[in-house]
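Read through the structure below, which is laid out as C-alpha cells, and then see the notes.
Worth saying up front: this structure is predicted, and the values here are computed from it rather than measured. So that the names make sense, note that chain A is the first sequence line, chain B the second, and so on, each numbered from 1.
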Number of protein chains: 2
Amino acid sequence: MHSLNNLIIEFYDKLSSWEQSVVKDTGYSLAQVHTIEVLGSHGPMRMKELADRLGITTGTLTVQIEKLVNLGLVSRAAHEDDRRSILVGLTSEGTQLHAHHNRMHMQLTKDITRHLDNDAIDVLKTCFEKMNREF
Amino acid sequence: MHSLNNLIIEFYDKLSSWEQSVVKDTGYSLAQVHTIEVLGSHGPMRMKELADRLGITTGTLTVQIEKLVNLGLVSRAAHEDDRRSILVGLTSEGTQLHAHHNRMHMQLTKDITRHLDNDAIDVLKTCFEKMNREF
DNA sequence: AATATTTACTTTGATAATCAAACAACATAA
DNA sequence: TTATGTTGTTTGATTATCAAAGTAAATATT
C-alpha cells in the first residue's frame, strides 16, 4: 500500500509537469487552459459552479472570464431560470482549443500505456472507475 | 483507450482538488507545500534542480526559499564541490510537515482503493510503474 | 595562463493570479 | 412583506510569477 501511494504521487507529479509544459506551448496560462478544460468537458455552467470546480473564488473567476471573453474563447449567456446567474461556455474557438488539448491528452495516454496489454488495461480502467468514485 | 483517457483526466482533476483542500488546511500555500513535498521525497538538492522539478524559474524560487527559511521549514547549506551552488533541504520542522502531508496522502490512497481486491492492486501497481517510466 | 563562455543564484521591476470584503441584484424563506 | 441567503462584480491588498540584468564561480578556449 505504501508503494502504491508513492506510485500515485509520482504519477500525479509527472502528469502535472507534462500539463505545465503542454500548456506553456499554447501561449495561454495554466489557469486559462484549466478553465477551458472544465467548460469543454462539462459544458456551459454558472460562474459559481465553475469557480467551485476550479477551486477559486467567484471574484477571481470574474476577472479570468473577462479575459477569456476578450480572447474570444468563452462567451456569456443569460440563465433561463435565475436572473442573477449567467452561463459561461466555450465559443467555437474555445471548443477548438479544447479539442486540441484533448488530443494531446489522448496521445499521452497512448504513449504511457504503450507497454500494457489489454487485460491490464481493462483492470486499470476498473480501478480508476472505482477510485474516482471514492473521492 | 478514449475512456481510459477520460478516467485519467478525472483522476488527476480529483487529486488536484483534494490536494488543494488539504493544503488549505495547513495554512501554507500550494507552492510552499509542493516545495516541501519535493524536498522531502528526494532529499536536499540545489536551487536549479529544485526549480526545474517545480517548473519555476530560479528567480521565483529564491524568493520562495527565503520565506520557507524564515518560517523555519527549510535550511540552506553550502555545496561541497560547487561554490556557486547551495543545497536546500528540510529542517526537522519541515520534515515533520512533510511526514504529516505524507500521512494524508497515505490515508487517501487507502480510502480510494477501498473496493479493490489484492489482485487488482497488484496489477494497478504494475500499471503505474510502467506508465511512470514512459513520461 | 589568460581569456571567454557557460552556469548557478540573486535582485529588480513589471505583470498576473488570487483572496477577502463590500456591494448590487435577485431568489427564497418566514 | 420582510428577512435572509445566493450569485456575480468590484475594489484594494497580497502573493506568485517571469524576464532581464547583475554577481560569482566553474568550465572551455586560445
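Atoms CD (A/Glu66) and C1' (D/dT10) sit 12 Å apart, rounded to a whole Å. Nucleotide C/dT10 holds its P atom 16 Å from the CZ atom of B/Arg83, rounded to whole Å. Whole-Å rounding puts the B/Leu71 CG to D/dT15 C1' distance at 13 Å. The CD atom of B/Glu49 sits 11 Å away from the P atom of C/dA8 (whole-angstrom rounding). In this entry the distance linking CG of B/Leu54 with C1' of D/dT17 reads 13 Å, nearest Å. Atom CG of A/Asp81 is separated from atom P of C/dC26 by 15 Å (rounded to the nearest Å). What separates NE2 of A/His79 from P of D/dG8 is a distance of 8 Å, to the nearest Å. At whole-Å resolution of the value, CD1 in A/Ile56 and P in C/dA16 are 16 Å apart.
Of the residues in residues 25-32 of chain B, not one comes within less than 4.0 Å of DNA chain C through any heavy atom.
Comparing D/dT15, C/dA16, C/dT18 against the side chain of A/Lys67 picks out C/dA16 as the nearest.
Using modelled atom types and a 3.5 Å distance limit, the side chains of A/Thr60 and A/Thr57 yield a donor-acceptor pair. Donor-acceptor pairing under 3.5 Å is recorded for the side chains of A/Lys125 and B/Ser3. When only modelled atom types and interatomic distance are considered, A/Glu49 and A/His42 share no side-chain donor-acceptor pair under 3.5 Å.
Environment of CG in A/Asn118: sparse, with no more than 12 heavy atoms of neighbouring residues, nucleotides or ligands closer than 6.0 Å.
Each of B/Lys24, B/His34, B/His105 was evaluated against B/Glu19; a single residue qualifies, B/His105, per the side-chain hydrogen bond (donor to acceptor under 3.5 Å, both in side chains) test. Tested against A/Leu68 for a side-chain contact (heavy atoms from CB on, under 4.5 Å), the candidates A/Leu61, A/Leu39, A/Leu73 yield a single pass: A/Leu73.
Side-chain N/O atoms of B/Thr57 include none lying less than 4.0 angstrom from OP1 or OP2 on D/dT17.
The nearest heavy atom of DNA chain C to A/Gln64 and to B/Thr62 marks one nucleotide each, and the one closer to the 5' end goes with B/Thr62.
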Pick out the pairs of N or O atoms, protein on one side and nucleotides 5-7 of chain D on the other, that lie under 3.5 Å.
from, atom 1, to, atom 2, distance (Å)
D/dG5, N2, A/Arg84, NH1, 3.2
D/dT6, O4', A/Arg84, NH1, 3.4
D/dT6, O2, A/Arg84, NH1, 2.6
D/dT7, O3', A/Ser85, OG, 2.8

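Note on ring orientation: taking the six-membered ring where Trp is involved, the planes of B/Trp18 and B/His101 are tilted (angle from 30° to 60°). By the 30° and 60° cut-offs, the orientation of the rings of A/Phe135 relative to B/Phe11 is perpendicular.
Between B/Ile56 and B/Leu50 the shortest side-chain heavy-atom distance does not fall below 4.5 Å.
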